[in-house]
Amino acid sequence: MTPTQAADALVFFGATGDLAYKQIFPALQGLLARGLLDMPIIGVAKSGWTLAQLQDRARASLQEHGGVNEAAFARLCAQLQYIDGDYHDPATFTALRAALGPAQHPLHYLAIPPSLFGPVTQALAASGCAQGARIVVEKPFGHDLASAQALNRTIHQVFSEASVFRIDHYLGKEAVQNLLYLRFANGFLEPLLSRDHVQAIQLTMAETFGVAGRGRFYEEVGAIRDVVQNHMLQVLSLLLMDAPAHADHDAIRDSAAALLRAVRTLNPGEVVRGQYQGYTQEPDVAPGSQVETYAALRFHVDSWRWAGVPIDVRVGKRLPVTATAVTVFFKPPPQQMFGDARPSANFLRLHLTPGVQVTLGLNTKRPGAGLHGEADELVLHRQHWDGLAPYERLLGDALAGDLTLFAREDEVEEAWRIVQDVLGSAAPLWPYAPGSWGPRRPTPCWARTVPGSTPTRPRGHPGPAARPGLGAPAGQRGGRMSRARAARPAPAAPRTVLTVDIGGTHVKVLRSGLDPEQRRRFVSGPELTPAAMVRGVQALVDDWTFDAVSVGYPGPVLHGQPVHNPANLGPGWVGFDYARAFGCPLKLINDAAMQALGSYQGGSLLFLGLGTGLGTALIVDGVLEPMELAHLPYRKKTYEDYVGLRGLKRLGKKAWRREVGRVTALLMQALAPDEAVLGGGNAALLEGHLDHLPAGVRLGDNSNAFVGDSGCGPTI
Ligand SMILES: NC(=O)C1=CN([C@@H]2O[C@H](COP(=O)(O)OP(=O)(O)OC[C@H]3O[C@@H](n4cnc5c(N)ncnc54)[C@H](OP(=O)(O)O)[C@@H]3O)[C@@H](O)[C@H]2O)C=CC1
Ligand SMILES: O=C1O[C@H](COP(=O)(O)O)[C@@H](O)[C@H](O)[C@H]1O
């Protein structure tokens, strides 16, 4: 069969399965509604069902996934046949051959467990059902490189490559096709996408839900096989490939395959694997399962165009949002012409799910006197979601014989080669809290959520997909470009940040990219002035280079400035020009807030910093609120008098620990956080004494002070 001949029968194996229920019946109804499926539709499975039962199942599927179009559903019922039989039984295929009748070019869709792809292909050949036919193969295509190669060999014994449609539903997404179109239909964009202008790329696929009843399947794959080997690498190949000679299937696939060949095989040392807490309690999941539900991976493309540009991919289940987006960060201008702080990074962000959105991050002049800038976003978003659902588009293309949106043999094998060394337990597995952005430790800076790279729901996205022809409001085609003042700051450029943590006994410093063990410190105390602090820091770090300074200040901060002097240090901290003294862009925040950020894993968190004083901060659903609870009355004094250093000295360790427990319990009662973290220099005295503390309390890691505001911390 040549690729341009349209199919004259559709056979779908796996008719009673989960995918058929969630995706295939809605796609069939969509195709029928558009008049593209005027042929026999034959479902094959082994449930022992009747045709009427399959029709009932189809109706239930449509009711749950977009609604029933009665006219199209009536056609579906009229055209639908059902063959009940085991795929290992040749009689099933004899029955299929008979049901196909005069059809010359059937399309066989294998929506079945991957272990059956080979046997069903062979049975199709043996029964004569493969003659003149095409085949659609679900994902995952293989389990690793060797099994993918073996499956390709098996399939090619029966079908030529031009008749094999390896489905990756990401390629059927409107936004993924828009990525291809945007790149090569706009002349200005293409020259910018190279190492000359790009400093980093980040692709995140986040899902709030877990394995959602697919525990058995997930146990065999894990996140890397499930979505990195296929969806993520397809997106990267379209984003990074050179321009194809034409828009036809082979030219596009040639470019994508050439790109994949240049992607370096992943190194386990540049992969972080995580598993959400509670995964092993999911149905069909092994108690001690080592399967990852989260992965952060650093890719390198060894090509003239992309050499040296870090490409970070993060995927995970039970993360804070459901969204997929890729962000290209551009290099800053070569000179800083204006006196204000270094401008935010320019970026191009493509939201891939849900909906379609393109965002360009720019710096523009703030209206008013002087030349001062602010971060702006130009946002192109669809008013209504009226694109074809991916399965409808892909099945329609396969029926028509259009291979453009299907993965080719060499692409699939290259993708397996790329992930091959990081499959299974090649990298250690770290737990993470559901609703957080993945494991905290020992996640390197690059693998954490970089400010601004975090996908949120694109603006204007109406939520669940409304399907055309089903009584949904008529979709408005075309996009709308708006100039949107960024609701939160545009992403900071990935850059080197010196973090300074000012404490009552020591000032500690660390540069981003260094190990926490490499932090340095000098003694502070009641005499320390800000000028002395700056001199001390500069002396300590004169062999380090950095682009910006981040200061954790031990007192209340408003609009980036101290509100009053720290209780335990010298005078002069209010009104001091810290940025001028350091001679570079600087951000100052409350020190407890900084540590809280470093400890935050989602939900609501109360942070108590047990140092010379008592630092307090609360984060609720990503909103940070530094607080000054230390000076509230407690017994005859204040909280700080009991749990700060003075309290420790006066009471002794044992009684101090009891007071820490009481104060923590009181504050937890009042503020009802999901958890409390006790950090600060004296928190170490609680190790081995956690029985003094209420439930829901954990000890923080003091290096979080450097994580929280080093430019690698979570987006708040
Ligand atoms: N579910 C999803 O969300 C997604 C699934 N996929 C892929 O789609 C494919 C199908 O997945 P899914 O629908 O979840 O799987 P299910 O286990 O839900 O369904 C499997 C289907 O195959 C049939 N089947 C299995 N073994 C036999 C056999 N020996 N003889 C006859 N029929 C058999 C089952 O029939 P019966 O029930 O009658 O036994 C059922 O219809 C897989 O490749 C999966 O990776 C891809 C993306 C998403
Ligand atoms: O293939 C898969 O994709 C889905 C995500 O697809 P999306 O279109 O909703 O972004 C993922 O949840 C699933 O685990 C995986 O098998």
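Start at 1 and go down the list; that is how both ligands and their atoms are numbered. The structure presented is a predicted model; accordingly, all values stated were derived computationally and were not measured.
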Identify whether the distance between the nearest side-chain nitrogen and carboxylate oxygen of [X] and [Y] falls below 4.0 Å.
X    : Y    : answer
R166 : E161 : yes
E220 : R225 : no
D226 : K139 : yes
R253 : E411 : yes

Original post:
Does ligand 1 have an atom under 4.0 Å from some heavy atom of W49?
Top reply: no
**OP:** Could you tell me if any non-hydrogen atom of G48 lies under 4.0 Å from any atom of ligand 1?
**Re:** no
Near [X], which atoms of ligand 1 are under 4.0 Å from a heavy atom of that residue?
X    : value
F117 : 43 (O)
G85  : 30 (N), 31 (C)
S47  : 36 (P), 37 (O), 38 (O)
K22  : 3 (O)
G17  : 13 (O), 18 (O), 19 (O), 40 (C), 41 (O)
P114 : 43 (O)

**OP:** Could you point out which residue of Y109, Y87, Y82 forms a ring-ring contact (aromatic ring centres under 6.0 Å, His included) with F13?
**Re:** Y87
Around [atom], find the nearest protein heavy atom and jot down its residue, atom name and distance.
atom                    : answer
atom 6 (O) of ligand 2  : H169 NE2, 3.1 Å
atom 4 (C) of ligand 2  : E207 OE2, 3.8 Å
atom 44 (C) of ligand 1 : K139 O, 3.4 Å
atom 43 (O) of ligand 1 : I112 O, 2.9 Å

Original post:
Does T324 come within less than 4.0 Å of ligand 2, judged by its heavy atoms?
Top reply: no
Original post:
Quick one: does Y218 get within less than 4.0 Å of ligand 2, heavy atoms only?
Top reply: no
**OP:** Can you measure from OG1 (T293) to CG (L319) and round to the nearest 0.5 angstrom?
**Re:** 8.0 Å
Original post:
Is the CD atom of E219 crowded by more than 12 outside heavy atoms at less than 6.0 Å?
Top reply: yes
Original post:
Against heavy atoms of K317, which atoms of ligand 2 measure under 4.0 Å?
Top reply: 11 (C), 12 (O), 13 (C), 14 (O)
Subject >> Sequence-distant partners of E282, salt bridge (charged side-chain N to carboxylate O under 4.0 Å, His left out), two or more places apart >> reply: none
Subject >> Heavy-atom nearest option to atom 15 (C) of ligand 2, drawn from D226, L19, N230 >> reply: D226
Subject >> Option nearest atom 6 (N) of ligand 1 (shortest heavy-atom distance, choices E220, Q23, E138) >> reply: E138
Close N or O approach ([X], ligand 1; < 3.5 Å):
X    : answer
K46  : yes
P113 : no
L19  : yes

Subject >> Sub-4.0 Å protein heavy atom near atom 9 (O) of ligand 2 >> reply: no
**OP:** Mark whether atom 14 (O) of ligand 1 lies under 4.0 angstrom from at least one protein heavy atom.
**Re:** yes
**OP:** Check each heavy atom of H169 against ligand 1 and say whether those closer than 4.0 Å belong to the side chain, the backbone, both or neither.
**Re:** neither
Original post:
Less than 3.5 Å between some nitrogen or oxygen of K173 and one of ligand 2, yes or no?
Top reply: yes
**OP:** Just say parallel, tilted or perpendicular for the rings of H231 and Y170, cut-offs at 30° and 60°.
**Re:** parallel
